[in-house]
Undergrad: 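This structure is in structure tokens; I'll ask about it shortly.
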Amino acid sequence: MIDQTSPKPRWISLKESLTKWRLAFAVLALAYFVFLLLNLTKQPMNWDEVGHLNSALELKGGLFNNFVRDSFYPPLFSCFTTVSFYLFGASLFSARLVSAVFSILSLWVVFELAYTMYGGKAALLSAVLLAVMPGYFWLSR
């Protein structure tokens, strides 16, 4: 909903919402993303990644009937992987880049939710704790 009663211009309210906690989260997210990018292709492909890669390659090749028939995972992830294949070429790096971007977006959602409910310090702590969880880090790539 748009607040029509506020006399402030929109850019001033955006400037006020940029707090030290949001800047700290931006630094955390950037460092985490760079760390993910450096380790994106170091581990071999897992068995369940093959389904995502094949679905994205089928979409890229125009084999829509095969994609619909074999769609076990949610199709939106395969669509984003296909876009990544178009932009960066079909590779393990471009396939795992989608997971890395979604993990950063998930960290942001957790940060904003905790920021709304508990404040900046708890929000940053919750984002850091989620980022260093081994399972989350492993699935982020």
Side-chain angles (χ1 to χ4, degrees), residues 1-4 6-141:
M1 297 173 75
I2 299 174
D3 185 16
Q4 298 291 339
S6 176
K8 293 182 184 180
R10 184 178 282 283
W11 64 273
I12 292 177
S13 63
L14 287 176
K15 190 176 180 182
E16 290 173 356
S17 69
L18 191 63
T19 63
K20 66 179 180 179
W21 298 110
R22 285 197 170 97
L23 287 175
F25 172 74
V27 169
L28 168 75
L30 182 66
Y32 187 72
F33 190 66
V34 167
F35 190 69
L36 282 177
L37 288 180
L38 292 176
N39 294 315
L40 215 53
T41 58
K42 296 221 189 258
Q43 294 197 2
M45 192 182 318
N46 292 331
W47 64 271
D48 63 339
E49 285 180 307
V50 175
H52 294 300
L53 297 176
N54 285 339
S55 296
L57 286 173
E58 287 171 350
L59 276 178
K60 187 177 181 215
L63 302 170
F64 301 112
N65 290 333
N66 292 348
F67 171 73
V68 171
R69 184 189 67 218
D70 297 333
S71 63
F72 178 72
Y73 293 104
L76 192 59
F77 188 79
S78 297
C79 293
F80 283 121
T81 307
T82 303
V83 170
S84 179
F85 282 173
Y86 276 119
L87 293 175
F88 305 111
S91 67
L92 189 60
F93 177 82
S94 61
R96 288 182 176 172
L97 183 64
V98 176
S99 294
V101 169
F102 276 125
S103 76
I104 295 297
L105 291 175
S106 298
L107 282 178
W108 182 49
V109 167
V110 166
F111 174 82
E112 288 297 328
L113 180 66
Y115 189 83
T116 303
M117 294 174 70
Y118 303 111
K121 189 185 292 187
L124 188 63
L125 181 65
S126 63
V128 167
L129 289 177
L130 180 60
V132 298
M133 282 183 156
Y136 185 79
F137 179 75
W138 183 72
L139 290 174
S140 293
R141 60 132 191 105

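Side chains included, hydrogens not; waters and symmetry mates left out as well; all remaining heavy atoms used.
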Undergrad: Using every non-hydrogen atom in the two residues, find where V110 and S126 come nearest and quote the distance to one decimal.
TA: CG1-OG, 3.9 Å

Undergrad: Do L125 and L129 have side chains that approach each other closer than 4.5 Å (heavy atoms only, starting at C-beta)?
TA: yes

Undergrad: What I'd like to find out is whether the side chain of L124 reaches to under 4.5 Å of the side chain of Y115, using heavy atoms alone.
TA: no

Undergrad: When you compare the side chain of L30 with that of I104, does any pair of heavy atoms fall below 4.5 Å?
TA: no

Undergrad: What is the distance from atom CG of L28 to atom CH2 of W108, rounded to the nearest 0.5 Å?
TA: 14.5 Å

Undergrad: Any side-chain to backbone donor/acceptor pair from S94 onto G89? Under 3.5 Å, distance only.
TA: yes

Undergrad: What pair of heavy atoms forms the shortest contact from Y32 to S103, and how long is it?
TA: CE2-OG, 4.0 Å

Undergrad: If you look at every heavy atom in A114 and A123, which pair is closest and at what distance?
TA: CB-CA, 3.5 Å

Undergrad: Grab the two heavy atoms, one from A100 and one from F33, that are nearest each other, plus how far apart they are.
TA: CB-CE1, 4.0 Å

Undergrad: Determine which pairs satisfy salt bridge (Lys or Arg N to Asp or Glu O under 4.0 Å) with at least one residue from residues 111-126, sequence neighbours left out, and list them in order.
TA: R22-E112

Undergrad: Taking all heavy atoms of F77 and all of S99, pick out the closest pair and write down the distance.
TA: CZ-OG, 3.4 Å

Undergrad: Between F102 and F80 (judged by ring centroids, cut-off 6.0 Å), do the two rings come close enough to count as a pair?
TA: yes

Undergrad: Is it the case that more than 12 heavy atoms not belonging to W21 sit under 6.0 Å from its CH2 atom?
TA: yes

Undergrad: Any idea which heavy atoms bring A127 and L107 closest together, and the distance?
TA: O-CD2, 3.4 Å

